[in-house]
Amino acid sequence: MSSVLPVLCGAVLLGAPGYLMLCALDVRLRLRWGWAPAVTVLLTVVLGALFRVLGIRWTLLSAVIGIVLLVALAAVVRLALQRRTARRLTTSTSTSTSTSVGVPAPQDWSRGTAAAVTGASILSGALVAASAARRMGGISTLNGSFDSFFHLSAAAFIRERGDASFTTALSDIYGEPTFYPVVFDDLVAILPFDVITAANAMMLAMLAAIPPAVAAMVVGVSRPARSAPLLVALSAGAATLFLSTPAMALVMGLWPIVLGVVCLPPAIAAVLMLTDRRHGAPGVGTAAGLVLIVIGTALAHPSVLFSVAVVAGLRLLAGGIERMLGGGRLRGLIEVCAALAAAVLFVAGSHVLLSGMALTKPSLDGVGSVLGEILLDSPRIPAVPALLWPMAALWILAMIGAAAAVRSREVLGATAALGLLASLMLGVATQIDHPLAVALVNPWYGARERIAPLMMCMLVLLMARGLLALLESGGRRRRSLPGALAVGAVVVTVLIALVTPQRLPLMGSLAYTAYGVQLTPYVTSEERSFIERTAQELPEGSVVLADPLDGATLYWSVGGVETVFPTMSRPLTREKTLIAHYAHRAGTDEASVELCRALEPVGPTHLYRDTSEASGQRINPEDSERWRGVHDIPESRLTLVDASGPYALYELDPAC
């Protein structure tokens with residue numbers, strides 16, 4: 001199957017609902033496609049909860065109808081409010097509403113210019129998706145990473161159960177209502193393709209959405225300038241050079257956090273726009289809309305909210321310092337103290353409440369080497385080289401931008417510079433085994449890839465400021481040679497980086513086809529074929545028991561056959577833990593009453609075994625040990641149903 005149609009459908013599902021809502025509310029934002037995913041997230045959460053209460057199944061048809069009704073309702077409310085207040089609006093009020101937070105007024109760009117910038121940002125995203133997909137082996141290729149199996153099962157559960165609520169959608173996995181950011185899984189569940197194709201399509205659509213999101217951030221906070229459209233288009237192109245987010249998407253299967261990254265740039269812009277007072281305080285409607293953007297980002301993935309919080313705190317700090325330098329010492333001191341107090345509370349709260357989130361092992365490399373990899377945005381993947389040239393132009397321009405902003409005493413530029421420094425410090429802190437360092441990075445699970453999107457946003461903002469400084473350095477009437485050279489350097493770097501085999505194309509292969517370079521697949525193509533075939537042959541009501549690290553989760557997510565352990569996570573309930581540890585004791589004198597009580601409601605009818613080199617016991621023996629009771633079920637309780645090489649399916653006598 002060609003990847004074009006599925007990815008296009010994924011992009012429409014990700015962006016269209018939010019875009020239509022922004023249009024219905026007449027939100028005056030440039031590059032609405034960049035802001036749209038955060039609004040789509042918010043709509044998905046609202047509809048998921050509403051459908052749960054009303055007993056409506058979450059399907060493509062019901063979701064579309066729900067979105068249309070919400071958009072229509074928003075348009076009606078807006079028109080009613082406009083009519084009620086039309087007589088009281090003055091020209092000054094209207095101007096304040098549309099430009100009070102630094103949003104370019106409609107007359108700043110012609111329609112042609114706006115269309116060209118939008119097209120350039122969307123093209124940048126399309127090129128990212130195309131480059132990433134080059135070595136995936138096709139849109140239906142299974143991602144072999146650990147986390148992808150969880151989300152394939154999650155999407156399959158939502159599709160089967162029709163429940164998209166934040167707290168109950170994954171009850172069948174967790175054994176009880178549990179909060180989880182399921183928006184990615186909700187969207188995958190209603191794409192009209194098989195689960196693997198739908199997940200891959202949405203993943204590529206999210207990567208394609210990042211350049212427009214970065215462009216939307218830049219246009220939202222930048223001051224009006226003749227070169228603004230060029231800067232915004234170049235910012236979208238620069239967003240294609242960062243690798244940490246593609247690594248999380250393509251190699252690690254951390255798809256919900258990638259959705260959060262898509263929403264991060266607009267959320268950062270929203271925070272900065274809310275605190276911008278160059279044109280007066282934002283109107284109530286504008287402020288409410290920007291707050292909802294931040295809420296949508298938090299709902300996409302809560303950890304991303306901490307990156308937004310860092311920017312908000314640094315904006316308060318930079319603003320306080322600027323006030324103190326400008327003569328407002330008391331108010332400036334209050335803002336600085338408030339920012340520092342917030343930082344202390346952040347660390348203390350993380351230490352107390354988020355201590356269990358320190359899940360990432362530090363790199364074995366020295367701090368110096370790690371800092372170099374952070375500066376180059378090279379993820380913790382040995383197969384991916386840390387190349388200097390793709391990032392060199394961005395860093396040079398960012399330093400120029402930081403210097404220009406500090407010289408002009410620009411709060412926005414100072415905030416971006418502080419944010420860039422903070423992101424580097426947080427990245428290095430992931431390598432330091434100290435309680436303070438651990439507390440600093442707990443909200444990002446101690447992983448520098450999750451912190452890197454913050455660096456991306458700050459670096460691109462400073463790069464745009466540096467380009468502006470160079471473009472304006474030659475005066476109004478003569479073209480700036482340094483500016484032209486800088487623009488050319490960014491364009492050439494982006495074009496070469498998108499086709500360089502060692503970057504995105506390599507990333508696209510590591511968890512899809514070139515397993516030996518990075519990881520051993522949890523399921524080979526032969527095993528997947530066996531599971532798909534036998535799943536179709538199993539009678540209705542069958543339940544498969546197996547070590548999930550042997551790929552048995554595909555019986556549920558791909559084959560639609562219930563499994564005892566639908567994900568590769570550790571058993572999440574006491575009953576399933578008993579089965580995992582002691583299933584082999586059923587029918588013997590050692591069998592406990594609790595074991596039989598656990599087996600009875602589950603009712604496993606079949607056992608799947610993988611004895612290949614890629615079995616769970618071979619590639620991950622420590623984790624596979626959690627299912628030792630499943631491994632040791634005696635042959636006397638098994639009747640062979642089908643076998644192909646090292647893969648076998650048995651009829652199981654539960655013996656209880």
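Please read all numbers here as calculations on a predicted model, not as lab measurements.
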### Task
Give a yes or no answer on whether the side chain of Ser235 reaches the backbone of Leu231 with a donor-acceptor pair at less than 3.5 Å.
yes

### Query
Are side-chain heavy atoms of Met456 and Asp377 found at a separation under 4.5 Å?
no

### Distance in Å, Thr500 OG1 paired with Leu387 CG, rounded so as to fall on 0.5 Å steps
8.0 Å

### Task
Report the C-alpha separation of Ser145 and Asn143 in whole Å, then their side-chain angles, then the decisive distance to 0.1 Å, and conclude whether the side-chain hydrogen bond (donor to acceptor under 3.5 Å, both in side chains) test is met.
CA-CA 6 Å; Ser145 65; Asn143 183 301; 2.6 Å; yes

### Query
To the nearest 0.5 Å, what is the distance between CG (Leu420) and CG (Leu454)?
8.5 Å

### Query
Do Met202 and Leu191 come close enough that some side-chain heavy atom pair is under 4.5 Å?
yes

### Message
Tell me if the CE atom of Met425 is crowded by more than 12 foreign heavy atoms within 6.0 Å.
### Response
no

### Ring-ring centroid check Phe150 Tyr180, cutoff 6.0 Å
yes

### Task
Compare every heavy atom of Val441 with every heavy atom of Ala429, then report the nearest pair and how far apart it is.
CB-CG1, 3.8 Å

### Task
For the residue pair Leu424 and Val428, establish whether any side-chain heavy-atom pair is separated by less than 4.5 Å.
no

### Message
I need the minimum non-hydrogen distance between Leu142 and Arg528, along with the two atoms involved.
### Response
N-NH1, 3.5 Å

### Message
Among Thr493, Val494, Ile210, exactly one meets side chain to side chain contact (heavy atoms under 4.5 Å, CB included) together with Thr240. Which residue is that?
### Response
Val494

### Query
Hey, what do you get for CG (Leu207) to CE (Met507), rounding to the nearest 0.5 Å?
10.0 Å

### Query
If only atom types and distance count, is the side chain of Thr141 paired as donor or acceptor with the main-chain N or O of Met136 below 3.5 Å?
yes

### Rounded distance [0.5 Å steps], CG in Leu470 versus CG in Leu485
9.5 Å

### Query
Can you check side chain to side chain contact (heavy atoms under 4.5 Å, CB included) on Trp109 and Val232, steps first, answer last?
CA-CA 12 Å; Trp109 291 2; Val232 173; 4.2 Å; yes

#### Entry: 4.5 Å side-chain heavy-atom contact, Leu440 and Thr430
no

### Message
If you define the side chain from C-beta out and look only at heavy atoms, does anything of Leu292 sit under 4.5 Å from Val39?
### Response
no

### Query
Are the side chain of Ser131 and the backbone of Leu127 linked by a donor-acceptor contact shorter than 3.5 Å?
no

### Query
Just by distance, do the side chain of Thr297 and the backbone of Cys263 share a donor-acceptor pair under 3.5 Å?
yes

### Summary
Closest non-hydrogen contact found for Ala213 with Pro265 is O-CB, 3.4 Å

#### Entry: Non-hydrogen side-chain atoms of Val294 and Leu305 separated by less than 4.5 Å
yes

### Query
In Å, rounded to the nearest 0.5 Å, how long is the span from CG of Leu462 to CG of Leu397?
10.5 Å

### Query
Under the salt bridge (Lys or Arg N to Asp or Glu O under 4.0 Å) criterion, do Arg465 and Glu410 qualify, and how do the steps go?
CA-CA 11 Å; Arg465 182 63 183 90; Glu410 299 172 7; 2.8 Å; yes

### Task
Assess Arg135 against Tyr512: is NZ or CZ under 6.0 Å from the centre of the six-membered ring, and within 45 degrees of the ring's axis?
no

### Check against side-chain hydrogen bond (donor to acceptor under 3.5 Å, both in side chains), Ser124 and Ser121
CA-CA 5 Å; Ser124 296; Ser121 64; over 6 Å; no

### Query
Do NZ/NE/NH1/NH2 and the carboxylate oxygens of Arg448 and Glu373 come within less than 4.0 Å?
yes

### Message
Pair Phe306, Ser350 - check side chain to side chain contact (heavy atoms under 4.5 Å, CB included), show working.
### Response
CA-CA 11 Å; Phe306 292 99; Ser350 172; over 6 Å; no

### Task
Could you check if a side-chain atom of Asp186 sits within less than 4.5 angstrom of a side-chain atom of Ile190, using non-hydrogen atoms only?
no

### Summary
CG (Leu498) and CG (Leu241) are apart, to the nearest 0.5 Å, by 7.0 Å

### Message
Could you report the tightest heavy-atom contact between Ala236 and Pro211, atom names first, then the distance?
### Response
O-CB, 3.4 Å

### Message
For a side chain to side chain contact (heavy atoms under 4.5 Å, CB included) check, start with the C-alpha distance between Val558 and Val195, then their side-chain angles and the critical distance, and finish with the verdict.
### Response
CA-CA 7 Å; Val558 175; Val195 173; 5.7 Å; no

### Query
Quick one: does Arg32's side chain have a donor or acceptor within less than 3.5 Å of a partner on Gly18's backbone?
no

### Query
Is it true that a side-chain atom of Trp444 and a backbone atom of Gly427 form a donor plus acceptor pair closer than 3.5 Å?
no

### Task
Apply side chain to side chain contact (heavy atoms under 4.5 Å, CB included) to the pair Leu510 and Ile381, showing each step before the final yes or no.
CA-CA 10 Å; Leu510 294 180; Ile381 301 174; 3.7 Å; yes

### Message
Check whether Glu449 reaches the backbone of Arg380 with its side chain - one donor and one acceptor, N or O, closer than 3.5 Å.
### Response
yes

### Message
On a heavy-atom basis, which atom in Ala249 and which in Met203 lie closest, and how many Å separate them?
### Response
CB-CG, 3.8 Å

### Task
Look at the rings of His151 and Trp255 and say which category their plane angle falls in: under 30° parallel, 30 to 60° tilted, over 60° perpendicular.
tilted

#### Entry: Sub-4.5 Å side-chain heavy-atom contact between Trp35 and Pro212
no

### Task
Report yes or no: does Arg134 contribute a side-chain atom to a donor-acceptor pair with the main-chain N or O of Ser509 at less than 3.5 Å?
no

### Task
For Thr197 and Asn200, run side-chain hydrogen bond (donor to acceptor under 3.5 Å, both in side chains): C-alpha distance rounded to whole Å, both residues' side-chain angles, the deciding distance at 0.1 Å, then the answer.
CA-CA 5 Å; Thr197 298; Asn200 287 335; 6.0 Å; no

### Donor-acceptor under 3.5 Å (Ser244 side chain, Pro379 main chain)
no

### Ala267 to Val308 - nearest heavy-atom pair and separation
CB-CG2, 3.7 Å

### Query
Counting distance only, does the side-chain N/O of Thr40 pair as donor-acceptor with the main-chain N or O of Ala36 below 3.5 Å?
yes

